[in-house]
Amino acid sequence: MNFFLATLRLGLANLWVHKLRSLLTALGIIIGVGAVVAIAAYGEGTKRAAVQDIMRLGASNIIVRSVKPPGSNVAGQNEATRLSEYGLTRKDVRRLETVQPVDRMVALKRVGDRTRLGTRSVPAAVFGTTPGLKDAASLVVERGRYLTDADDEGTRNFAVVGAEVAETLFPLTDPLGESFLVDSQRFVVVGVLRRVGLAGGAGTALVGRDLNFDIHIPLRTANTRFGDIRSSQGQGSSERTKIEISEVIMQVSDQSMVKTVAAKVERMMETEHDEKQDVTLIVPLELIEQAERVQFRSNVLMIVIGGLSLFVGGVGIMNIMLASVTERTREIGIRRALGATRQHIIAQFLVETTTLSCVGGLIGVATGLGVSLALKWYAENVGGLEPPVVMMLPVTVAFVFAVLVGIAFGLYPAVRASQQDPIVALRHE
């Protein structure tokens, strides 16, 4: 024990005498560990944000959506007005109702093209739907209420609006009880949805829109007031599209059955829509798993790059320690002459390299955590990136690997120092 403490004090004293050289020697370790910690934290934060965006769609949901088939936007040379009919039908909805086990099924029908109030307008997506959408899509009403069965049965002109719609159309007033126009139809606001963080994230790409610009009206009201045909004006022509149902959300309570139900739905849709290619299937659970796999591969790649930095740092430690062996040849000879064994010399040099790698690893961890905190502050106050999430496993692995690198690359210089001939070492100048 006394020998170990004496060797430790001697090694630390030698490192302290050459503080700048010791710091530069450990610089590779510091950069490598810091990079691994920061990269792993940012990767975990990005993965969690992507997964949360997808989770908002419901991990146990299956989304069946009408899409414009390939080539349907090509009109004939003399065709000024045309009718494009595609997507889900009410017959499809009745067939989907037979799929089991499904706990809840909600249909959405997109209507209207212009949403305005006086001179203010907003590029909103207006959907006719049923009260079940609130639970199926995990919507939260911040003010007022959501649609009810009575609203649907009475074909009332009530609407629940997204956060951006409320702020744009009613910037200075409480939206509840106020009215606005969808095309020529007037609707009264009965509820405002809480803002969701899908804008610019993975959820936007999946939903195909920013949910903060959604407007929900009763499904029967949408059918009665707007019908199935929507018209849009182009340059010198107009296009009419007939879509009976825009989207169906199917909720499966047993998450283990999601993929099985999705396979049934896919087979069912293939019988009517395979050739048309006007229906697509979105399974958030599969997308979550895919996002996790992609992020895992990305993290492995980044950590390998950080590991290479640690390897380079280890080479730097070995080079400096080899130079130190030559510089301290006479010291080694004196210690051997006073009775130090080869094991003592190896222990002294290993203490120095291990201390270098440990201190470098700790500074690297602190650096990585500092970078992660800075990125988190930037994400929360400025935006533009996802806040990092520090995990203990990458921090521990990076530190342990740094220590092992120091020991591995310090072993050869230590053995070489121990092999010095005492007599030759004493004569060295």
Side-chain angles (χ1 to χ4, degrees), residues 57-58 61 63-66 87-94 96-97 102-117 121-166 168-170 174-194 196 207-231 241-251:
L57 301 180
N61 287 353
I63 302 173
V64 189
R65 177 176 296 160
S66 300
L88 292 165
T89 64
R90 295 180 181 87
K91 178 182 176 182
D92 291 326
V93 174
R94 290 193 293 270
L96 289 173
E97 288 173 346
V102 175
D103 296 326
R104 181 185 289 111
M105 195 173 82
V106 181
L108 291 89
K109 177 186 183 67
R110 183 163 185 175
V111 297
D113 292 295
R114 292 169 296 173
T115 304
R116 66 188 188 279
L117 176 62
S121 63
V122 60
V126 185
F127 288 93
T129 187
T130 57
L133 180 63
K134 179 177 178 292
D135 294 325
S138 302
L139 301 175
V140 178
V141 178
E142 190 171 54
R143 283 177 288 171
R145 63 173 178 84
Y146 198 68
L147 302 174
T148 64
D149 291 329
D151 297 335
D152 191 50
E153 293 169 0
T155 61
R156 296 168 181 169
N157 281 27
F158 287 167
V160 177
V161 301
E164 287 290 343
V165 176
T168 304
L169 294 182
F170 311 99
D174 186 353
L176 296 181
E178 299 292 334
S179 62
F180 63 95
L181 292 176
V182 178
D183 290 349
S184 60
Q185 297 291 326
R186 186 169 294 276
F187 285 84
V188 177
V189 178
V190 296
V192 179
L193 297 176
R194 179 181 295 175
V196 294
V207 178
R209 64 186 186 277
D210 185 349
L211 297 182
N212 296 305
F213 286 90
D214 264 13
I215 296 176
H216 299 162
I217 65 175
L219 182 58
R220 292 186 183 181
T221 302
N223 289 326
T224 303
R225 304 289 187 269
F226 298 94
D228 295 334
I229 299 176
R230 296 176 61 197
S231 298
T241 56
K242 181 179 180 181
I243 305 175
E244 295 183 10
I245 301 295
S246 302
E247 189 173 295
V248 172
I249 299 177
M250 307 174 71
Q251 192 172 48

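Predicted, not measured: the structure shown is a model, and the values here were computed from it.
- With rounding to the nearest 0.5 Å, the separation of CG in L211 from CG in L139 is 7.5 Å.
- Expressed to the nearest 0.5 Å, how far CG of L169 lies from CD of E178 amounts to 10.5 Å.
- Here the side chain of R230 pairs no donor or acceptor atom with the backbone of V111 at under 3.5 angstrom.
- The residue from L96, L108, I63 that alone fulfils the side chain to side chain contact (heavy atoms under 4.5 Å, CB included) condition with V248 is L96.
- Aromatic ring pairs are classed by plane angle as parallel below 30°, tilted from 30° to 60° and perpendicular above 60°; the pair F187 and F226 is parallel.
- Side-chain contact check for V160 versus V190: some heavy-atom pair is nearer than 4.5 Å.
- Counting only distance, with no hydrogens or angles, the side chain of T129 and the backbone of A107 share a donor-acceptor pair below 3.5 Å.
- We find that D152 and R220 are joined by a salt bridge, their nearest charged nitrogen and carboxylate oxygen being less than 4.0 Å apart.
- Under the 4.5 Å side-chain criterion, counting only non-hydrogen atoms from C-beta, R90 is in contact with D228.
- Scanning all heavy atoms of the two residues, the minimum distance from V192 to A166 falls at CG1-CB, 3.9 Å.
- With N157 contributing its side chain and R186 its backbone, the two residues share a donor-acceptor pair below 3.5 Å.
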Report task. Kindly determine whether V122 and E164 satisfy side chain to side chain contact (heavy atoms under 4.5 Å, CB included), including the steps that lead there. Result -> CA-CA 9 Å; V122 60; E164 287 290 343; 5.9 Å; no
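- Looking at L133 and Y146, their side chains come closer than 4.5 Å, going by heavy atoms from C-beta outward.
- The backbone N or O of G132 lies less than 3.5 Å from no partner atom in the side chain of D135, so there is not a single donor-acceptor pair.
- In this structure, CD in E247 is found 4.5 Å from CZ in R65, a value given to the nearest 0.5 Å.
- The closest donor-acceptor contact from the side chain of S66 to the backbone of L88 lies under 3.5 Å.
- Under the 4.5 Å side-chain criterion, counting only non-hydrogen atoms from C-beta, E244 is not in contact with D92.
- The shortest heavy-atom contact between A124 and T115 is CB-OG1, 4.1 Å.
- Closest heavy-atom contact between V189 and P175: CB-O, 3.3 Å.
- Side-chain contact between F180 and I215 is present, with heavy atoms from C-beta onward closer than 4.5 Å.
- A donor-acceptor distance shorter than 3.5 angstrom exists from the side chain of R225 to the backbone of T155, with no hydrogens or angles considered.
- N212 CG to T168 OG1: the interatomic distance, rounded to the nearest 0.5 Å, is 10.0 Å.
- Judged purely by atom type and a 3.5 angstrom limit, S246 uses its side chain to pair as donor or acceptor with the backbone of R110.
- Proximity of a side-chain donor or acceptor of T221 to a complementary backbone N or O of R156 within less than 3.5 Å is detected.
- Residues F170 and V161 have side chains not in contact (no heavy-atom distance under 4.5 Å, counting atoms from C-beta outward).
- In terms of modelled atom types and a separation under 3.5 Å, the side chain of R114 and the main chain of P123 share no donor-acceptor contact.
- Looking only at distances, a side-chain donor or acceptor of N61 sits under 3.5 Å from a matching main-chain atom of A136.
- Looking at every heavy atom in both residues, P131 comes nearest to L147 through CB-O, 3.4 Å.
- Distance check, rounded to the nearest 0.5 Å: CD1 of I229 to OG1 of T241 gives 8.5 Å.
- Using a 4.5 Å cut-off on side-chain heavy atoms (C-beta onward), K109 and N223 make contact.
- Within the 4.5 Å cutoff, side-chain heavy atoms of L193 are placed close to those of H216.
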